[in-house]
Structure formats: structure tokens, C-alpha cells
J.: 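Quick one: structure below, then a few questions.
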Amino acid sequence: MIKNLKIGAALMLACLGVAACTTPDPTVYSGLASASQLRPNIEDKTGRVPYRYQTNANWSQYNRIIVDPVTVYNGPDNQFGKVSEKDRIFLANYMQQQFTEKLKTRFAVVSTPAPATLRLHLTLTGAKATTAVLGTVTRIDVAGGLYNTVQAARGREGSMTGSVNYAVEIYYDAASNRLLSSYVTKQYPNAMNIGASFTAMDASMVGVRKGADALLAELK
């Protein structure tokens with residue numbers, strides 16, 4: 001017990017003192033089609049959506065959507081770190097499935113342009129795996145649990161956990177293919193979500209699901 005407390009205290013102090021326990025925030029990735037239009041999102045208080053471009057689109061006038069295949073970003077400013085190519089492809093496929101399934105509850109998912117149709121392009125720009133063992137330990141030992149409880153109350157990232165970074169670009173699917181909305185975001189589980197800490201990609205997958213829910217809520 002004392003040994004676990006000492007380990008937890010050391011981890012908590014490390015997390016408070018360095019950025020290694022959290023994941024990099026999204027940037028204006030230079031290779032995005034909408035990079036030149038993204039601006040700091042002063043309305044975002046969570047830190048999850050630091051850059052955004054938004055028009056006065058009336059989403060209620062759209063009832064169809066084309067969901068492009070998810071792109072895995074390979075630019076020099078990507079934020080994948082040590083995440084393997086295999087895991088990047090896995091997450092991209094998982095994003096394709098989750099976003100499509102969520103959006104089906106609001107739109108008819110189609111494959112060709114038509115009136116009242118949006119086109120969604122998702123770009124997976126980064127991810128971090130949960131640190132094996134430590135990700136779970138820091139949620140059940142005393143000191144680590146205290147740190148993560150505070151982070152959960154703030155809506156912030158937990159220690160030694162994974163996340164996913166991606167870009168959303170929404171186009172009006174007409175001849176002009178005009179951009180209506182774009183943002184970059186980081187998504188991650190609640191800091192006390194023990195179930196998202198067991199395997200390397202669990203937290204990133206939770207982040208994908210949360211991101212799909214957030215987009216659906218925005219387009220309703």
C-alpha cells in the first residue's frame with residue numbers, strides 16, 4: 001500500500017510538472033486544404049477545438065451527406081509520435097465507421113452530389129496510445145486517483161492516457177464545393193474512465209466516439 005502510494009505520488013508530481021502525461025494539442029496542420037482559413041477559436045473554453053473556420057450555414061436545410069474515406073495525415077507536422085502505421089490505419093477505419101453510423105441518424109448517407117447535400121472530410125492527424133499498466137494504475141492508486149479526479153472535474157485529460165487528434169472539413173456539395181465549416185480537435189476519455197485505459201488504443205477509440213457525437217450535435 002505504501003509502495004503504491006509513493007509510486008502514485010511520484011506520478012502525480014511528474015504529471016503536474018511536465019507535459020509528458022498529456023498529449024499534444026492540435027495545430028493548424030499545414031497540409032490541410034482548409035489550413036489557410038483556420039483561426040484561433042476564442043469561443044472554445046475546453047481546449048479541445050483550438051482552431052476553427054465557420055460560416056453562417058443553416059444545417060437544417062441539409063438532409064444528405066457524403067462521408068469521404070478518412071485520410072491519415074502524413075505531413076511533417078503530424079502528431080502520431082510512436083503510434084504505428086497499423087494503429088493509424090485501424091483508427092482511420094474506426095473513425096469512418098463511427099462517424100458514418102452516427103450521422104446516419106440525422107442524414108441520408110449518399111455517394112453522389114445532389115441538392116441539400118453536405119460532404120464531410122475527416123483527416124486523422126495524430127494519436128497517442130495509453131501507457132501500458134500505468135494508465136490504469138494512476139486511476140486506482142490514491143495519489144494518481146486524486147490527480148485524475150481533479151482533471152475529470154475540469155474536463156481535462158487524465159494522466160498516462162491516450163487521445164486522438166483530427167480535422168473536420170464540411171463542404172456544400174455544389175459546383176463550387178464551398179467550405180462551410182472546418183476545425184481541428186483533440187478528443188479523449190474522462191480522466192477517471194478506467195475502462196479506457198486497459199489497452200493502447202482504447203482511449204483513442206473513446207475519443208473518436210465522443211468526436212462523432214459532438215459533430216452530430218453540431219449539425220442537428
Side-chain angles (χ1 to χ4, degrees), residues 19-36 38 46-53 65-104 109 111 119-136 156-171 179 181-191 193-216 218:
C21 293
T22 58
T23 54
D25 290 331
T27 68
V28 180
Y29 304 99
S30 59
L32 291 178
S34 62
S36 64
L38 290 169
T46 67
R48 291 177 185 264
V49 188
Y51 298 98
R52 176 182 280 276
Y53 167 77
I65 193 166
I66 297 170
V67 182
D68 288 347
V70 175
T71 300
V72 178
Y73 186 71
N74 291 317
D77 51 348
N78 76 75
Q79 294 175 314
F80 288 109
K82 296 180 180 179
V83 174
S84 69
E85 189 68 27
K86 179 181 177 181
D87 283 339
R88 299 180 197 187
I89 294 171
F90 167 78
L91 280 178
N93 290 336
Y94 190 70
M95 284 185 70
Q96 184 78 29
Q97 177 208 11
Q98 290 297 311
F99 276 78
T100 301
E101 289 301 313
K102 292 291 184 181
L103 292 170
K104 274 183 181 179
V109 177
S111 57
R119 181 166 70 88
L120 170 67
H121 190 82
L122 298 167
T123 305
L124 179 64
T125 56
K128 184 179 179 182
T130 297
T131 304
V133 182
L134 290 178
T136 302
R156 299 295 183 175
E157 214 171 338
S159 60
M160 306 294 178
T161 194
S163 66
V164 61
N165 292 4
Y166 60 91
V168 173
E169 293 168 308
I170 304 172
Y171 297 88
L179 181 69
S181 178
S182 178
Y183 60 88
V184 294
T185 184
K186 175 168 72 171
Q187 296 287 347
Y188 44 83
N190 181 280
N193 187 340
I194 296 175
S197 65
F198 292 135
T199 69
M201 288 293 106
D202 278 347
S204 296
M205 293 168 69
V206 171
V208 167
R209 296 195 297 271
K210 290 181 72 170
D213 286 335
L215 178 60
L216 177 61
E218 184 172 327

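Only this structure's heavy atoms are used, side chains among them; waters, hydrogens and symmetry mates stay out. When a residue number appears, it is its place in the shown sequence, counting from 1.
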J.: To the closest 0.5 Å, what do you measure between CG (L32) and OH (Y73)?
T.: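 One gets 5.5 Å once the value is rounded to the nearest 0.5 Å.
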J.: Kindly give the heavy-atom pair with the smallest separation between V83 and A127, and that separation in Å.
T.: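 Result for this residue pair: CG2-O, 3.3 Å.
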J.: Less than 4.5 Å apart, any side-chain heavy atom of F99 and any of V208?
T.: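 The answer is yes, as the side chains (C-beta and beyond) meet within the 4.5 Å cut-off.
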J.: Using the six-membered ring of Y188, assess whether NZ or CZ of R48 lies under 6.0 Å from its centre and within 45 degrees of the ring axis.
T.: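 Judged by the rule (NZ or CZ under 6.0 Å from the ring centre, within 45° of its axis), R48 counts as positioned above Y188.
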J.: Could you give the distance from CD1 (I66) to CG (L103), rounded to the nearest 0.5 Å?
T.: 12.5 Å
J.: Do V168 and S181 come within less than 4.5 Å of each other through their side chains, counting heavy atoms only?
T.: no
J.: Can you check whether N165's main-chain N or O pairs, donor with acceptor, with T125's side chain at less than 3.5 Å?
T.: yes
J.: Enter the distance from S204:OG to R88:CZ here, rounded to the nearest 0.5 Å.
T.: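 Between S204 OG and R88 CZ, I get 12.0 Å after rounding to 0.5 Å.
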J.: Between atom CG of L124 and atom CG of L91, what is the distance when rounded to the nearest 0.5 Å?
T.: 6.0 Å
J.: Within this structure, what is the CD-OG1 distance for the pair Q96 and T71, rounded to the nearest 0.5 Å?
T.: 9.5 Å
J.: Please name the pair of heavy atoms, one in P26 and one in K186, separated by the smallest distance, quoted to 0.1 Å.
T.: CG-N, 3.6 Å
J.: Any sub-3.5 Å donor-acceptor pair from D77's side-chain atoms to S30's backbone N or O?
T.: yes
J.: Would you say the side-chain atoms of Q98 pair up with the backbone N or O of A212, donor to acceptor, closer than 3.5 Å?
T.: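 Not a single qualifying donor-acceptor pair exists.
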J.: Please name the pair of heavy atoms, one in A203 and one in T130, separated by the smallest distance, quoted to 0.1 Å.
T.: CB-OG1, 3.5 Å
J.: Any side-chain to backbone donor/acceptor pair from Y166 onto L122? Under 3.5 Å, distance only.
T.: no
J.: What is the minimum heavy-atom distance between H121 and P69, and which atoms define it?
T.: CE1-O, 4.0 Å
J.: With side-chain contact (heavy atoms from CB on, under 4.5 Å) as the test, would you mind laying out the steps for L215 and K102 before giving the verdict?
T.: CA-CA 9 Å; L215 178 60; K102 292 291 184 181; over 6 Å; no
J.: I need the minimum non-hydrogen distance between E169 and S34, along with the two atoms involved.
T.: OE2-OG, 2.7 Å
J.: Minimum heavy-atom separation for A35 and V28, please, with both atom names.
T.: O-CG1, 3.4 Å
J.: Do R119 side-chain atoms and D68 backbone N/O form a donor-acceptor pair below 3.5 Å?
T.: no
J.: Tell me if a side-chain donor or acceptor on N78 pairs with a main-chain N or O of G75 at a distance below 3.5 Å.
T.: yes
J.: Going through the distances and angles, do V72 and F80 end up as a side-chain contact (heavy atoms from CB on, under 4.5 Å)?
T.: CA-CA 10 Å; V72 178; F80 288 109; 4.0 Å; yes
J.: Hey, what do you get for CD (Q97) to CZ (R209), rounding to the nearest 0.5 Å?
T.: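 Those atoms lie 10.0 Å apart.
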J.: Could you point out which residue of V109, L216, V67, I65 forms a side-chain contact (heavy atoms from CB on, under 4.5 Å) with K104?
T.: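 When V109, L216, V67, I65 are each tested with K104, the side-chain contact (heavy atoms from CB on, under 4.5 Å) holds only for V109.
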